[in-house]
Amino acid sequence: MAEDPSASSKRLQISFSKVTSIVEPNWSKLQPELLRLILSKLSFAQFIRFKAVCSSWNSIAKSYVSSLRQVPWLLLPGNQEHHACCFFSLEDNKTYQIKNIGNLFGNDAWCVGSSHGWLVLLDDEAKPFLLNPFSQVRIQLPTIERFMFQVNKSYFIQHLRKVFITKAILLSDPSHDNSYVVVLIFGYLSRLAFCKKGDSGWTILSGASQGYCDIIYINDLFYALTSDSSIEVWDFHASLPIKKTEIHPSTTREMLEATKCFGNLHSCQTYLVESSGDLLLVLRYIGNFVNEEGEVVDEAYLLSGDSTQPLVCPYQTLMFHVCKLDSREQKWVGVDNLKDEVLFLGGNHSMSLSAQYCSGFEKNSIFTDDNWNQMNEDDLYGGHDLGKFSLEEKIVKPFYACDLRRIDPPPFWIVPNPW
C-alpha cells in the first residue's frame with residue numbers, strides 16, 4: 001500500500017514539533033535554599049560571577065554576603081595601561097584584575113590601612129580617603145593638615161607622606177554602618193587620632209599614651225598595642241572614646257632570648273591579633289639576608305639571578321615569635337602551635353582564619369605582606385619581603401612568585417567586599 005504523502009508530512013511536522021517543544025530551564029527560578037548551598041561552595045571570584053547572572057541571583061547573593069568566607073586577597077601594583085587594579089587570590093592561586101579603576105585611586109596613592117574590604121589611602125597631596133575597589137565606592141575623609149604642624153606642606157608631601165601614618169583601621173563597614181569610625185596611628189610619637197562619619201576633622205585621642213605599634217577592633221572594643229607590649233582597651237560607643245582598662249603583661253623569657261638572638265636587626269615589628277578567642281602578640285624579626293649556611297651577608301643579589309647587581313642594605317623577615325595573653329596572671333605566654341589557624345599580618349587589620357577554608361592555606365602558619373615601613377629607605381628595593389612563615393619549621397617560604405626587586409606600592413592584604 002502506498003504511503004500517503006500528507007501523512008508523512010504530518011509525521012515530520014509532529015517530529016519537528018517535539019524537538020522545538022523542549023523547555024529551556026529558568027535558572028532565575030531556582031529555590032533560594034539551593035542557591036545558598038551553591039554559594040557556600042564558591043570562592044570570591046566565583047561569587048562575583050554568580051551575582052552577575054540575573055537580578056534574583058544578585059538578590060540572594062546580597063542576603064548571603066554576611067556568610068561569605070572572609071579570605072583575604074593580596075593587593076598588588078596595578079596595570080597602568082588598562083588603569084587596572086591587580087589582586088592575588090590564595091583560594092585559587094590566581095591573579096585577577098579590575099580594569100578602569102585607576103581614576104578612583106588617583107596618582108601615586110599610598111595605602112595605610114585595610115579593614116572590612118575598604119582601603120585607607122592618601123592621595124598625592126596627602127588627602128586621606130576610603131576606597132572599596134570591588135564596589136568602586138570612594139569616600140573622602142577630613143584632611144590631616146592639622147597634624148603637619150610647622151612643616152611646609154610641599155615638604156610633607158614629598159618626604160613625609162608615606163611614613164607619617166603607621167596604620168589606619170575602620171571599626172565597622174561603611175557599606176552597612178552610617179556611623180563608622182576611622183582610627184589611625186600617626187606622627188613620630190605614634191599617637192592615636194580618630195574621625196567619625198560627618199566629622200570635619202580628626203580628634204587626637206584624649207588620655208592615650210604614645211608609641212603605639214598596632215591597633216585592632218574585636219568584640220565591640222578597640223585594642224591598642226604599645227611599644228612596651230602593653231595593651232589599652234577603649235570603648236568608642238560614647239560621643240568621646242573611653243579608656244576601659246590598661247594591661248601591662250610581663251614579657252616571657254623566650255621573647256627576651258629571641259630579641260637577643262636576632263641582635264643584628266633592622267627592626268622588630270609587633271602585631272596584635274585575636275585568634276580562637278585568644279589575644280596574640282606576634283613579634284616579627286627583620287634583618288639582613290642570610291645565606292644557605294645561615295651566615296648573614298651584607299649584600300644580596302637580585303632574585304632574577306643577575307649576580308652583577310648587588311642589592312645593597314637589603315632586609316628580610318627572619319623569624320616570628322608568638323605569645324598569647326594570660327589575663328589572669330597578667331603575662332604573655334609563649335605559643336608554638338596555632339593549630340588549625342592561619343594569621344594574616346601586615347598593614348591590614350590583623351586577622352586569623354581557619355586553614356580549612358581553602359587548600360591554599362597551611363595551618364599553623366603566618367602570611368605576611370611586605371615590611372612597608374622600610375619601603376622608602378632605598379630606591380633599589382622594597383615590596384619584596386612577603387611570605388608565609390611556618391611555626392613548625394621556623395622558616396619563611398614564598399607564596400607569590402615575583403622576580404621584581406621592588407614592588408611599588410608594596411603588597412597589601414584586603415578582604416574582598418562586593419558591596
Side-chain angles (χ1 to χ4, degrees), residues 24-75 78 83-92 94-105 111 113-121 129-141 168-182 196-198 217-220 344 348-349 351-354 356-358 360-361 412-419:
E24 292 292 332
N26 188 345
W27 297 107
S28 66
K29 299 298 183 181
L30 287 179
Q31 292 298 312
E33 294 78 8
L34 178 59
L35 292 175
R36 291 191 182 94
L37 177 62
I38 294 172
L39 282 168
S40 68
K41 310 293 183 181
L42 302 184
S43 67
F44 180 77
Q46 294 167 334
F47 176 87
I48 294 298
R49 298 186 186 107
F50 176 99
K51 75 185 191 73
V53 170
C54 61
S55 59
S56 61
W57 284 32
N58 182 70
S59 178
I60 290 293
K62 184 171 288 189
S63 67
Y64 183 84
V65 71
S66 61
S67 303
L68 196 63
R69 292 187 304 216
Q70 301 292 294
V71 181
W73 283 16
L74 192 68
L75 173 65
H83 304 285
C85 186
C86 296
F87 298 91
F88 175 73
S89 168
L90 283 168
E91 285 186 284
D92 45 23
K94 291 182 180 179
T95 300
Y96 296 95
Q97 286 190 5
I98 301 177
K99 294 184 177 180
N100 301 317
I101 194 176
N103 61 320
L104 291 175
F105 277 86
C111 191
S114 164
S115 304
H116 304 286
W118 291 77
L119 300 171
V120 186
L121 300 120
F129 64 96
L130 304 176
L131 177 64
N132 183 332
F134 304 97
S135 65
Q136 301 191 18
V137 175
R138 173 172 167 152
I139 302 174
Q140 198 67 44
L141 296 175
I169 67 168
L170 279 156
L171 305 193
S172 59
D173 183 355
S175 307
H176 309 291
D177 186 358
N178 289 325
S179 57
Y180 61 83
V181 181
V182 185
K196 298 182 178 182
K197 182 185 178 182
Y217 192 72
I218 51 174
N219 300 325
D220 291 330
F344 289 85
N348 59 294
H349 189 296
M351 62 185 301
S352 174
L353 294 175
S354 172
Q356 68 183 4
Y357 276 149
C358 81
F361 293 1
F412 223 97
W413 291 115
I414 178 173
V415 176
N417 179 352
W419 278 286

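Model, not experiment: these values are computed from the prediction.
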- Message: Applying side chain to side chain contact (heavy atoms under 4.5 Å, CB included) to L74 and F87, what does each step give before you reach the verdict?
- Response: CA-CA 5 Å; L74 192 68; F87 298 91; over 6 Å; no

With sequence neighbours left out, what residues match [X] under side-chain hydrogen bond (donor to acceptor under 3.5 Å, both in side chains)?
| X | answer |
| --- | --- |
| N103 | none |
| S55 | none |
| Y96 | D92 |
| S59 | none |

Taking side chain as C-beta onward, heavy atoms only, is [X] less than 4.5 Å from [Y]?
| X | Y | answer |
| --- | --- | --- |
| L119 | F105 | yes |
| V415 | V71 | no |
| Q136 | I98 | yes |
| F134 | I414 | yes |
| P174 | N132 | no |
| V120 | C111 | no |
| P418 | K51 | yes |

With sequence neighbours excluded, tell me which residues meet side chain to side chain contact (heavy atoms under 4.5 Å, CB included) with [X].
| X | answer |
| --- | --- |
| L30 | W27, L34, L35, W57 |
| S352 | V273, S275, E341, L343 |
| D173 | H116, W118, S175, H176, N417 |
| N26 | S28, K29 |

- Message: Looking at H349 and L170, would you say the former's side chain and the latter's main chain have a donor-acceptor pair under 3.5 Å?
- Response: no

- Item | Check: R138 side chain, L131 main-chain N or O, donor-acceptor pair, under 3.5 Å | no

- For K196 and V181, work out which heavy atoms get closest and say how close.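 Here K196 and V181 meet closest at CG-CG2, 3.7 Å.
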
Drop me the distance from [X]'s [atom1] to [Y]'s [atom2], to the nearest 0.5 angstrom.
| X | Y | atom1 | atom2 | answer |
| --- | --- | --- | --- | --- |
| I38 | F50 | CD1 | CZ | 6.0 Å |
| T95 | Q97 | OG1 | CD | 8.5 Å |
| L75 | F412 | CG | CZ | 8.5 Å |

- Could you name each residue pair satisfying side-chain hydrogen bond (donor to acceptor under 3.5 Å, both in side chains) that touches residues 34-47, not counting sequence neighbours?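 The answer is S43-Q46.
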
- Taking ring-ring contact (aromatic ring centres under 6.0 Å, His included) as the test, write out the residues that go with F47, two or more places apart. none

- Message: Checking side-chain polar atoms at under 3.5 Å, does N348 have a donor or acceptor matched by the opposite partner on S114?
- Response: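 Result is no, nothing qualifies.
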
- Message: Run Y64 and L42 through side chain to side chain contact (heavy atoms under 4.5 Å, CB included) and show every step you take.
- Response: CA-CA 12 Å; Y64 183 84; L42 302 184; over 6 Å; no

- Query: Within a reach of under 6.0 Å around NZ of K94, are more than 12 heavy atoms found that belong to other residues, nucleotides or ligands?
  - Reply: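 Not buried by this count: 12 neighbours or fewer within 6.0 Å.
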
- Step by step, would you call I139 with Y180 a side chain to side chain contact (heavy atoms under 4.5 Å, CB included)? CA-CA 12 Å; I139 302 174; Y180 61 83; 3.2 Å; yes

- F44 ring center near W73 ring center (under 6.0 Å): yes

